[in-house]
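Notes for the one structure printed next.
Just so it is clear: chains get the letters A, B, ... in the order the sequence lines come, proteins before strands, and each one is counted from 1.
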Amino acid sequence: MAEAVAFYICAALILGFGALVITAKSTVHSVLYLVADFLCVAALYVMLQAPFLAVIQVMVYAGGIVVLYLFVVMLVNLKRPPEAHSDPRRLGRLGVAMAAAVLVEFAAIFALGWAKPASAGGALSPNNVEQIGRALYTDYLIPFEVASVLLLVAMIGAIVLAKREL
Amino acid sequence: MVNAWVPILIFIAVGIAFGVVTLLFARLIVPQRYGRVKLEPYECGIEPTTDARDRYSIKYFLVAMLFLIFDVETIFLYPWAVIVDELAWFGFIEMVVFLFILVVGYFYAWREGALEWA
Amino acid sequence: MVEALILPLVKIVIVLVAVLVTVMYIVLLERKVQAWVQVRLGPMRVGPHGILQPLADVLKLFVKEDITPARADKWVFTAAPIIVLVPALIAFAVIPFAGDLTLFGLTIPGRIADVNVGLLYVISVAGIGIYGIILGGWSSNSKWALLGSLRSSAQLISYEIAVTMTLVTVIMLAGTLSMVGIVQAQLAKGWWFGFMQPVAFFIYFVGALAETNRAPFDLPEAEQELVAGFHTEYSGMRFAFYFLAEYANMIVVSTVATTLFLGGWLAPFPNVSWLSFLGLVPGWAWFMLKTFGFLYAFLWVRATFPRYRYDQLMRLGWKWLIPLAILNVVVTGLLKVLV
Amino acid sequence: MIITTTHYMLLSAALFTLGIIGVMTRRNVIIILMSIELMLNAVNINFIAFSHQLQNVVGQVFAVFVIVVAAAEAAVGLGIILAFYRNKETVNIDEMGLMRW
């Protein structure tokens with residue numbers, strides 16, 4: 001019961017803040033709602049027994065990625081609003097198609113039945129960090145090293161893009 | 001397991017409530033005498049002429065970007081640190097390779113002057 | 001019900017009140033310490049030796065006029081102080097202030113929560129506080145505030161990397177991320193991690209000074225160049241929140257240092273039998289003693305060192321502390337696999 | 001009132017839709033990138049819900065990788081936006097036809 005209440009509150013907050021992100025007039029307000037959204041997602045992860053993911057969601061997403069967004073929003077000081085001359089119907093057809101696809105997805109989720117809740121006493125131990133570490137550094141060794149190359153490339157790319165201004 | 005987080009949730013609620021209630025309470029008792037000049041931003045007595053939200057150095061973007069990359073790197077270090085005894089040499093070499101690749105990027109940033117502020 | 005909700009609530013209120021009172025008196029102590037270093041007396045008027053000065057300060061802040069500048073973004077301007085204060089407070093949730101206490105036949109754990117990612121929780125929560133600083137400066141729409149907030153946030157994130165990376169070595173020794181587990185690991189090893197990882201302790205101390213915007217790294221509010229930094233436009237209670245958050249953060253980093261490097265609630269050398277009489281002093285008293293020692297170091301440093309220049313500050317963080325932290329991780333890992 | 005994985009899937013699908021709507025309707029490229037972050041989060045919710053359902057940690061490991069990719073994407077994407085803004089003084093995606101041929 002408590003779990004259901006917590007889930008519905010979390011879900012409402014996530015979707016509410018998500019809607020605010022894409023509708024807010026000021027970009028800075030959008031960024032703020034995005035942070036709130038990510039914090040609520042972190043709360044959801046805690047409920048799903050993924051505390052390590054919850055903290056890195058806060059640390060990397062809320063505390064890193066969105067800080068970068070905020071810095072860029074502040075750097076990009078706009079003389080005129082970017083939405084001034086846009087044609088809302090421009091991508092209308094594509095939007096309808098996308099929405100239809102999502103509706104099909106919803107229908108599929110409903111049609112294919114409701115999954116059972118997780119069985120208690122499964123293999124997911126409460127000591128989540130060790131388990132993730134074991135999987136990450138043995139089975140997923142190659143993706144892990146590739147991730148570092150990806151980060152290296154991202155770092156070099158961003159520096160090259162900004163370098164001319166240094 | 002999840003129950004261990006309930007006190008934290010309560011703490012967050014209490015913290016926000018403390019902030020909001022204190023501000024509202026202060027709002028009730030403080031004097032409010034507004035004047036146009038009083039509400040101007042402070043610029044050492046000179047009347048502000050331009051908007052404060054102007055363009056500023058791209059250095060701040062670079063610092064935030066480097067922070068983000070290193071932040072992601074440290075989240076890989078923590079699970080490794082927890083089971084470092086178990087992984088032994090294998091894990092150590094893995095992590096040295098990982099750190100080496102990022103240190104290359106670090107020295108690139110250094111060489112390109114992304115770390116200079118003079 | 002009592003176990004799950006009432007007990008944590010009581011502890012939260014106790015911690016909250018303790019933090020507020022400590023902040024009030026740390027401010028007084030700071031003024032006193034600085035005065036003593038300069039052979040002055042410090043506040044003497046309000047109460048004997050000025051011990052009622054904090055109350056007068058709080059009263060003053062409460063009745064000061066609270067101004068929202070005309071060009072400010074009103075909602076963000078009000079939200080920013082709360083955003084900066086709440087993380088500073090909730091970081092205390094995982095700090096183990098004491099071992100288990102027994103009261104009226106009830107075993108009460110000496111902390112609010114023990115989650116198995118405790119250390120990362122503290123780090124990530126501290127990261128959220130940055131928003132309060134950036135948004136406070138941005139929403140004021142004042143040049144001093146905006147520049148101060150940019151500098152302050154750049155400084156915070158720079159030193160946060162060095163600190164998070166250096167704390168990895170502590171985790172390598174402890175083998176757990178739980179704050180309680182880290183203290184127990186120090187009991188098992190017989191040494192405080194401050195002795196086993198002096199380099200990490202040093203980096204943490206420097207980083208802690210910088211992350212709390214304390215002298216000699218208090219550039220964001222260097223009066224000579226930036227007026228008051230990101231809170232230039234703040235007054236009254238909202239200013240008080242920034243002030244409170246800064247000192248609460250100081251206490252957070254001190255309690256974290258106590259837990260990670262100084263053995264938490266443990267008595268010194270708990271495994272040396274002829275020193276066992278030290279165990280007669282309760283754990284929470286040791287914890288407070290160590291925390292105050294660390295806080296005192298903050299005040300002492302402020303009274304002693306001149307302020308850094310901004311480029312010197314960034315150079316120290318990026319070109320010295322971060323490589324040192326990475327090197328420390330590698331060396332500790334090497335020692336771990338060799339021994 | 002039992003919360004099943006289906007609930008999480010529906011939430012994730014709804015959040016993903018919000019992301020799509022954001023990408024489709026907004027012209028500010030920073031907001032479009034933020035909508036993409038919303039979509040990545042929806043994906044992560046799915047990963048972790050299934051990790052919980054199957055009691056298997058692999059879903060969480062993949063969520064970690066998604067976060068890494070999101071970080072790299074934000075760094076490079078925002079770098080491109082800044083470079084573009086410095087040339088053209090705009091962040092409107094309709095005016096970003098530089099690479100279109």
> Got L34(A) and L38(D) here, is their nearest side-chain heavy-atom distance under 4.5 Å?
Replying inline: yes
> Any chance the side chains of Y45(A) and Q60(D) put a donor and an acceptor closer than 3.5 Å?
Replying inline: no
>> As a quick check of understanding, evaluate side-chain contact (heavy atoms from CB on, under 4.5 Å) for F7(A) and L11(D), giving each step before the final call.
In response: CA-CA 10 Å; F7(A) 172 78; L11(D) 170 64; 4.2 Å; yes
>> Within this structure, what is the CG-CG distance for the pair L78(D) and L68(A), rounded to the nearest 0.5 Å?
In response: 5.0 Å
Identify each donor-acceptor pair in which a side-chain atom of residues 133-151 of chain A lies under 3.5 Å from a protein atom, sequence neighbours left out, and give them as a table.
unit_1: R134(A); atom_1: NE; unit_2: E86(B); atom_2: OE1; d: 3.4
unit_1: R134(A); atom_1: NE; unit_2: E86(B); atom_2: OE2; d: 2.6
unit_1: R134(A); atom_1: NH2; unit_2: E130(A); atom_2: OE1; d: 3.4
unit_1: R134(A); atom_1: NH2; unit_2: E86(B); atom_2: OE1; d: 3.2
unit_1: Y137(A); atom_1: OH; unit_2: F76(B); atom_2: O; d: 2.1
unit_1: T138(A); atom_1: OG1; unit_2: R134(A); atom_2: O; d: 2.4
unit_1: S148(A); atom_1: OG; unit_2: E145(A); atom_2: O; d: 2.8

> Using non-hydrogen atoms only, which part of F38(A) is less than 4.5 Å away from chain D: side chain, backbone, both, or neither?
Replying inline: side chain
>> On a heavy-atom basis, which atom in A50(A) and which in I48(D) lie closest, and how many Å separate them?
In response: CB-CG2, 3.8 Å
>> For a 4.5 angstrom cut-off between non-hydrogen side-chain atoms, does Y61(A) reach L40(D)?
In response: yes
> What pair of heavy atoms forms the shortest contact from L15(A) to L15(D), and how long is it?
Replying inline: CD2-N, 3.8 Å
> Taking G18(A), A158(A), G157(A) one by one, which has the highest count of heavy-atom pairs under 4.5 Å against chain D?
Replying inline: G18(A)
>> With a 4.5 angstrom heavy-atom cut-off, is it the side chain or the backbone of E37(D) that approaches chain A, or both, or neither?
In response: both
> Does the side chain of Y8(D) come within less than 4.5 Å of L44(A)'s, by heavy atoms?
Replying inline: yes
> If you count heavy-atom pairs under 4.5 Å with chain A, which of G77(D), G59(D), A14(D) comes out on top?
Replying inline: A14(D)
>> Quick check on I32(D) against chain A: is it the side chain, the backbone, both or neither that has a heavy atom closer than 4.5 Å?
In response: neither
> Rounded to the nearest 0.5 Å, how far does CG of L18(D) lie from CD1 of I14(A)?
Replying inline: 11.0 Å
> For the atom pair NZ (K25(A)) and CG (N28(D)), what is the distance rounded to the nearest 0.5 Å?
Replying inline: 13.5 Å
>> Are D37(A) and N41(D) packed together at the side-chain level, in the sense that at least one heavy-atom pair is separated by less than 4.5 angstrom?
In response: no
> Looking at side-chain heavy atoms only, is the closest gap between V153(A) and V76(D) below 4.5 Å?
Replying inline: no
> With a 4.5 Å heavy-atom cut-off, do T25(D) and I22(A) have their side chains touching?
Replying inline: no
> Closest approach of A74(D) and I65(A), non-hydrogen atoms and distance?
Replying inline: CB-CG2, 3.8 Å
>> Checking I20(D) now: which residues fulfil side-chain contact (heavy atoms from CB on, under 4.5 Å) with it, not counting sequence neighbours?
In response: M98(A), V102(A), F16(D), M24(D), M39(D)
>> For a 4.5 angstrom cut-off between non-hydrogen side-chain atoms, does L82(D) reach L161(A)?
In response: no
>> Please classify the contact between V60(A) and chain D as side chain, backbone, both or neither, with a heavy-atom cut-off of under 4.5 Å.
In response: side chain
>> Does either side chain, that of Q57(A) or that of N44(D), offer a donor lying less than 3.5 Å from an acceptor on the other one?
In response: no
